Structures are given as C-alpha cells and as structure tokens.
Amino acid sequence: MKKLYILSLVLSFTFGFAQTNLKKADALFKNYSYLDASKAYEECLQNIENPSAQTIKNAADSYYFISDARNALKWYKRLYEIQGNNLTDIYYLRYIQTMKAVMDYDDADKITKEYLNKKGDQKEINRYVAQKKQLDSIAKSKSLYQIKNLEINTGKSDFGATFYQDRIVFTSSRDTTNFGEKLYNWNNQPFLNLYVAERNPADGSLFNDALFMPNVMTKYHEATASFDASGKTIYYSSNIIKKNKLVIDRDKINNFQILKGTMVDGKVENPQKVFFDNDAYSVGHPSLSDDGQWLFFASDMPGGYGETDLYVVKIADDGTMSSPQNLGPKINTLGNDLFPFFRNGILYFSSDGHYGLGDLDVYESKILADGSFGTPRNLGTPINSNKDDFTFIIDKTGTYGYLSSNRAGGKGDDDIYSFVKGEPVCNQNISGKALDRKSKLPITDVTVVAYNSYNEILAETKTNFEGKYAVTVPCNKTVRLVAKKTNYSDDEKTVETTRENEGEIIDVNFELSNYDDLVVKKKGVEKVDVNPIYFDYDKYDITPLAIEELSKVVFIMRKFPAIRIKIESHTDSRGKDAYNLKLSDNRAKSTRDYIVSQGIDTSRIESAIGYGETRLINKCKNGVKCTEEEHLLNRRSDFIIIQK
C-alpha cells in the first residue's frame with residue numbers, strides 16, 4: 001500500500017523495456033512507475049561504481065514507495081554513508097522508517113537522536129522522549145485489542161473499511177470492473193474502487209461484497225468513503241476528472257478531490273466537489289463526525305507541516321463549510337499524517353512522522369475543552385506493526401472495528417483486519433506519607449496495605465527513606481489503607497477512588513505512634529503514660545478531665561490490639577483506711593467501665609482493683625504532715641501492661 005495515500009495519480013500506464021539502463025530507469029521513476037523503476041535501478045546500479053546521490057535516492061525511493069523496506073534500506077544506508085548528517089529532513093525520516101520496517105529499532109533510535117540533535121529543536125526532542133516512553137510503557141501492558149485477518153481480502157490492495165448503516169464500505173483494487181487492462185503504473189495493480197459488504201455481527205467478518213455506487217464509478221480511483229449518521233450523505237476521494245479526462249498540475253500529476261453526494265436507493269446522486277478541492281494539490285480521506293458538524297481530511301496543500309497534513313472544516317446546518325483549518329504541529333509532522341477518523345471525542349489517525357513501530361502507525365488524540373487536540377498516543381501492538389497500519393475505525397460503543405495493514409502474514413498487498421476491544425483496566429494511584437505522631441518526622445519501612453470491601457489485598461508497599469509511599473488500586477472502589485510497623489501503632493484510612501483514571505489521589509497520610517512514647521518503664525514494669533486521673537471529692541464518676549487522660553489508655557489499646565492491662569487505683573492517706581479502700585476500688589471499676597464503653601473488650605482488662613492508701617509512694621502516711629502536692633502524688637491510677 002506504500003504511498004498510495006500520497007493522493008495523486010500520474011497519467012501513463014505500465015510499459016516494459018527490452019533493456020534497462022540509467023536513463024530508462026530515471027524515465028520510469030519520473031513516470032512514477034516505481035515497481036518497474038526499482039528493478040531497472042537494481043540492474044543498472046550493479047554496473048555503476050560511483051552512482052550519484054540522486055540516483056541512489058531514486059533507487060531507494062522506488063523501493064520505498066512499493067513497501068520493499070529491506071531493499072529501500074540498502075540504498076538509504078548507502079545515501080547516508082555518502083551524505084552523513086547533511087541528509088535532508090525527509091530522507092532522515094525515510095531512512096529511519098525503513099530501519100523500523102525491518103525492526104532495526106536500536107539503529108533507528110540512534111539515527112533519530114542524531115537527527116534531533118542536529119536540528120536542536122527541544123520541542124521535537126521532548127516529543128520524541130515522551131512518545132518513546134509512552135510506547136515502551138504500553139508494550140509492557142496487556143493490549144485491549146484482538147485482531148483477525150478477514151476472508152474477504154484478496155491478493156490485491158484491500159483497505160479503508162468504513163461504517164455504512166449496518167454494512168461496511170471498503171476500498172479495493174480487486175479487478176471486478178471492465179477496466180482490468182488498465183493498471184495503476186505505481187504498483188501495477190488495477191485502480192481502486194469502492195465495494196460494499198454485509199457484516200456478520202458475531203465475528204466481524206464481511207461477506208457478499210459487491211461494487212458500490214457503480215453509477216458514478218470511473219476508470220480511475222474512487223476510494224476512502226465516509227457517511228453521515230443516516231447514511232444519506234457520502235463523501236469520498238476521487239481523481240480530478242473533467243470531461244472524462246484526468247486534470248494534471250504543473251508536475252504532470254493528477255491530484256485527488258473530495259466529492260459529496262446523496263445516497264438514494266443505494267446509488268449516489270449528484271456528486272459535487274467540495275469548495276476546497278483544487279487542481280494544484282490533493283485533498284482526500286474524508287471522515288465525517290457523528291453529528292455531521294466536522295469533516296476531517298488529509299491534504300498536501302501549501303502551508304502544511306509535512307508531506308501530508310490533517311485538516312478539518314466545520315459544517316453549518318445549511319451545509320455551509322468553513323475554511324479548512326490545519327490541525328497543527330501537535331498532530332501533523334514532517335511526514336505523512338493521514339486517514340482521520342473522529343468518534344466519541346477522539347481523533348484516530350495514521351502517521352509515519354510520530355515515534356512509532358515503523359511506517360504508518362495508528363494514533364489517538366482526545367479533543368480538549370478549547371477545541372484543540374491533545375498529545376497523540378500510539379495504540380501499540382497488535383493494532384500497529386512494523387509496516388503500514390491505517391484506516392482505523394471503531395463503533396460508537398468502542399467495542400469493535402476495523403483497520404488496514406500490509407503487515408506480514410496477510411493475503412496480499414493491504415488487508416482489512418477486524419478487531420474487538422476489551423474494557424480498559426482502570427487504576428488509580430494513592431500516595432502519601434507515614435509520620436511519627438509525636439515528632440512529625442517521616443518513618444521508613446512502614447508497610448502500607450490496601451484492602452477492598454471484602455478485606456482482600458489490592459496492593460502492598462513500604463515507605464521509603466522520606467516516609468513516602470504509593471499504591472495502585474482499581475477505580476470506583478472503597479479502599480481501606482492500613483499502615484503498620486513493628487513497635488508502632490497502626491493507622492488506617494478509607495479512600496473512595498474515582499470512576500475513571502483521573503490522576504493521583506495524594507496526601508493520604510498516616511500518623512503512627514511509637515510504643516515507647518506511650519509508656520513509662522520503672523523497675524521492669526511498663527505502664528501507660530498518663531497524668532493523674534482526677535475525680536470529684538468523695539466521688540468516682542468519670543469527669544471530663546478524667547476522660548482526657550483515659551483517652552490515652554483507649555488509644556494505646558486500640559492501636560496495639562495485643563495489649564492487656566490491669567488497673568490499680570490509689571488514694572492518699574487522709575480519711576479512714578476502709579473508706580479509702582472502698583473509694584479507690586469504685587474508682588478503679590468506674591475507670592474500667594469507661595474504657596470498656598469505648599469499645600475495648602473486657603477480656604483485655606485483667607483486673608480493676610482499688611488499694612486505698614496501702615501503697616503510698618512517699619512519706620505521707622497517717623500522722624505525717626505533707627503538702628497538697630505531696631498528697632496528690634499518692635492519688636493515682638496505674639494502667640499496668642501485663643501483655644503486649
């Protein structure tokens with residue numbers, strides 16, 4: 001299929017030479033008879049010791065334009081050896097593409113970097129880096145696409161499937177016309193015509209193919225059609241013809257035009273040129289948006305960025321079209337950008353100028369709020385290959401479609417492939433830090449585990465030296481995140497992920513308490529570190545001040561589920577011994593009851609006993625004069641850790 005998408009036609013047809021020499025090879029090349037020219041150059045170059053750079057270019061281009069990448073590479077490499085970094089932009093591109101076409105990717109990347117460094121364009125370097133990174137990333141993930149070659153393909157060029165109501169219209173050079181003796185001298189195949197076929201919805205196969213719109217068919221090219229949603233309006237590519245004769249430009253080239261017609265009973269009525277058709281350049285590959293308001297197309301009109309660019313016109317309700325608008329350098333490149341297809345806010349197109357796997361690759365670009373298009377994204381394998389991959393279309397539900405390719409394993413020149421697309425895996429990143437609750441410093445090696453609603457593990461990681469972590473979890477889920485580290489309290493967060501890949505959920509942070517910061521150790525005994533538990537005089541009700549301290553006990557027991565304690569309450573020496581014993585015991589049990597009321601299991605409190613004034617910690621026994629502060633030291637509750 002190579003370069004049939006150039007959208008032009010030369011006037012003469014295939015003819016042979018009894019002898020081949022350089023002059024005749026040049027004549028074939030000038031006549032665009034690339035298949036014959038390639039053979040002629042191959043023969044005569046065997047006898048030329050130092051061919052000119054132009055002869056080498058012609059030989060390489062002859063093979064390039066008929067998709068013989070291996071032989072094209074041989075001559076482009078020879079040209080590179082002669083000219084080095086004086087190679088022009090377009091020959092750098094063709095040299096790189098032929099290397100990729102034979103899967104010499106390392107060499108292609110090396111030459112690409114050399115070319116970009118020579119140009120010194122940082123934007124182009126950045127685009128190369130980003131697109132290579134994206135393609136490398138997609139290669140590591142499972143593809144959503146499954147493709148299949150179709151039985152309807154022939155040994156000739158079959159491509160350009162498009163939706164037409166419940167059928168498929170496609171382009172083919174299969175010879176079912178009365179013009180079979182006339183061949184397109186570029187590749188010695190019959191001219192292209194449009195065909196229509198039934199579609200089997202069960203497997204995407206096509207059958208019962210027949211000529212489409214035979215009432216307006218010419219003996220030249222008709223190709224790449226597009227229809228409105230009703231199937232009543234058609235746009236298609238055709239050679240420029242006036243009075244049944246091809247119209248040529250100053251280079252003796254017949255360009256392509258876009259015709260618009262009305263479908264009536266399966267026939268095209270009154271096909272008319274669109275206003276931006278021009279004898280001096282080609283426009284073609286029309287693609288109408290679903291709402292009929294935008295017509296995308298390809299053209300080599302002056303003012304573009306490369307060999308062929310993508311354009312769009314807006315269509316008013318009365319059919320008036322705006323001036324063509326170039327889609328800009330984010331979409332268009334130095335090379336060929338072709339075969340647009342717009343659906344569900346995404347522009348699909350093929351290009352050999354963006355970073356890809358070789359020759360034409362299929363890309364997608366989302367339309368942005370301002371009407372421009374985002375950075376193109378390579379669809380990766382199996383949609384793309386090291387050969388030409390183009391005319392990608394997909395149905396409104398995004399589940400099936402068709403593309404064309406001349407990759408290895410096909411039936412002929414170009415083949416039509418069906419594909420089905422699975423549901424994309426939607427994931428979202430959650431990130432944050434783990435900090436020490438007391439010092440607010442980051443904690444390293446904290447295990448962070450993400451659970452779903454069924455307590456199944458979704459992801460697990462550890463914090464780095466900065467206390468940072470990140471996990472990837474499914475979209476549209478309730479995710480419970482638990483942070484753990486030995487000798488630290490756990491912390492837990494619940495996060496609702498979004499329904500789509502909408503960026504990272506950040507700053508989901510944890511605070512962990514070090515066990516040693518929550519206890520005091522004395523004479524081999526560990527106690528929860530609390531201030532004195534205050535009660536009203538002669539009472540054992542839990543006061544707000546008491547709750548403030550008891551919350552520390554509840555906290556450590558929640559955060560360290562293995563901890564078991566015993567509660568010991570004490571009074572000072574003032575008052576009767578028996579009374580103090582009973583009061584302290586009531587306070588101990590009241591304290592226990594409060595802790596249990598906060599969700600702590602009773603079994604985790606071994607005992608709650610009051611000891612009255614029997615365990616004073618200073619001199620202030622009966623009869624000894626002490627200050628209030630000294631007596632206060634004896635009015636205490638201890639929460640002794642007996643298991644952890």
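No experiment lies behind these values; they were computed from the predicted model shown.
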Does the side chain of S205 reach to within under 4.5 Å of the side chain of S418, using non-hydrogen atoms? no
Answer yes if the side chains of E307 and N336 hold a donor-acceptor pair under 3.5 Å, and no otherwise. yes
Atom CD1 of I393 and atom OG of S226: how far apart are they, to the nearest 0.5 Å? 9.5 Å
Do other residues, nucleotides or ligands put more than 12 heavy atoms under 6.0 Å from K273 NZ? yes
How about N215: does its CG atom have over 12 heavy atoms from other parts shown lying under 6.0 Å from it? yes
Which residue in the set F256, Y281, F276 passes ring pair (Phe, Tyr, Trp, His ring centres under 6.0 Å) when paired with F297? F276
Within 6.0 angstrom of E198 CD, more than 12 heavy atoms from elsewhere: yes
If we only count heavy atoms from C-beta on, is the L73 to Y95 side-chain gap below 4.5 Å? yes
Pair N71-D68, side-chain donor/acceptor within less than 3.5 Å: yes
Determine the interplanar angle of the Y41 and F29 rings, folded into 0 to 90°, and report it as parallel if under 30°, tilted if 30 to 60°, perpendicular if over 60°. perpendicular
Would the distance check show the side chain of E124 and the main-chain N or O of L116 forming a donor-acceptor pair, the cut-off being under 3.5 Å? no
Would you say D309's side chain and G306's backbone share a donor-acceptor pair under 3.5 angstrom? yes
Side-chain H-bond candidate by donor/acceptor type, T224 with T171, under 3.5 Å: no
With no hydrogens and no angle check, do the side chains of D109 and Y355 hold a donor and an acceptor under 3.5 Å apart? yes
Can E42 and K74 be counted as an ion pair, charged N to O under 4.0 angstrom? yes
Measuring from atom CG of L310 to atom CZ of F373, what distance do you get when rounded to the nearest 0.5 angstrom? 9.5 Å
Axial cation check for Y400 ring with R199, 6.0 Å and 45° limits: yes
Measuring from Y236:OH to L259:CG, what's the distance to the nearest 0.5 Å? 4.5 Å
Exercise: do T308 and D300 side chains pair donor with acceptor under 3.5 Å: no
Compare every heavy atom of A225 with every heavy atom of V169, then report the nearest pair and how far apart it is. CG1-CB, 4.4 Å
Inspect the surroundings of CD in Q165 and state if more than 12 heavy atoms from other residues, nucleotides or ligands are less than 6.0 Å away. yes
If only atom types and distance count, is the side chain of D395 paired as donor or acceptor with the main-chain N or O of G398 below 3.5 Å? yes
Is it the case that over 12 heavy atoms from other parts of the model lie below 6.0 angstrom from the NZ atom of K118? yes
Ring centres of F227 and Y164 under 6.0 Å apart? yes
Option from Y402, F419, F341, F342 for which ring pair (Phe, Tyr, Trp, His ring centres under 6.0 Å) with F392 holds: F419
Expected output: side-chain N386 to main-chain L357 donor-acceptor under 3.5 Å: no
Enter the distance from N326:CG to S299:OG here, rounded to the nearest 0.5 Å. 9.5 Å
Going by heavy atoms in the side chains, are R407 and D389 under 4.5 Å from each other? yes
Check whether any side-chain heavy atom of E364 sits under 4.5 Å from a side-chain heavy atom of F349, and report yes or no. no
Quick check: are there more than 12 heavy atoms from other residues, nucleotides or ligands sitting under 6.0 Å from CE of M321? yes
Any residue meeting side chain to side chain contact (heavy atoms under 4.5 Å, CB included) with E49, in chain and number order, not counting sequence neighbours: none
Beyond-backbone contact of Y195 with N193, side-chain heavy atoms, under 4.5 angstrom: yes
Where is the tightest heavy-atom contact between A101 and D359, given as atom of each residue plus distance? CB-OD2, 3.9 Å
Give a yes or no on whether the backbone of N406 and the side-chain of D388 come within a donor-acceptor separation of less than 3.5 Å. no
Donor on one side chain, acceptor on other, D414 and S404, under 3.5 Å: no
Sequence neighbours excluded, which residues qualify as side-chain hydrogen bond (donor to acceptor under 3.5 Å, both in side chains) partners of T375? none
State, with a plain yes or no, whether a side-chain heavy atom of N278 is found less than 4.5 Å away from one of M301. no
Between S287 and F296 (side chain of the first, backbone of the second, donor and acceptor by atom type, cut-off under 3.5 Å), is there such a pair? no
Quick check: does any side chain N or O of N255 sit under 3.5 Å from a backbone N or O of D279, one acting as donor and the other as acceptor? yes
Nearest heavy-atom approach of N85 to E114 is CB-OE2, 4.2 Å
Kindly check if the number of other-residue, nucleotide or ligand heavy atoms within 6.0 Å of NZ (K133) is above 12? no
Could you tell me whether the side chain of Y363 reaches within less than 4.5 Å of the side chain of D361, counting heavy atoms only? yes
Check whether NZ of the Lys or CZ of the Arg K57 lies under 6.0 Å from the centre of the six-membered ring of Y91 and within 45 degrees of that ring's axis. yes
Within a radius of less than 6.0 Å around CD of E151, do more than 12 heavy atoms belonging to other residues, nucleotides or ligands occur? no
Do F212 and E222 have side-chain heavy atoms sitting under 4.5 Å apart? no
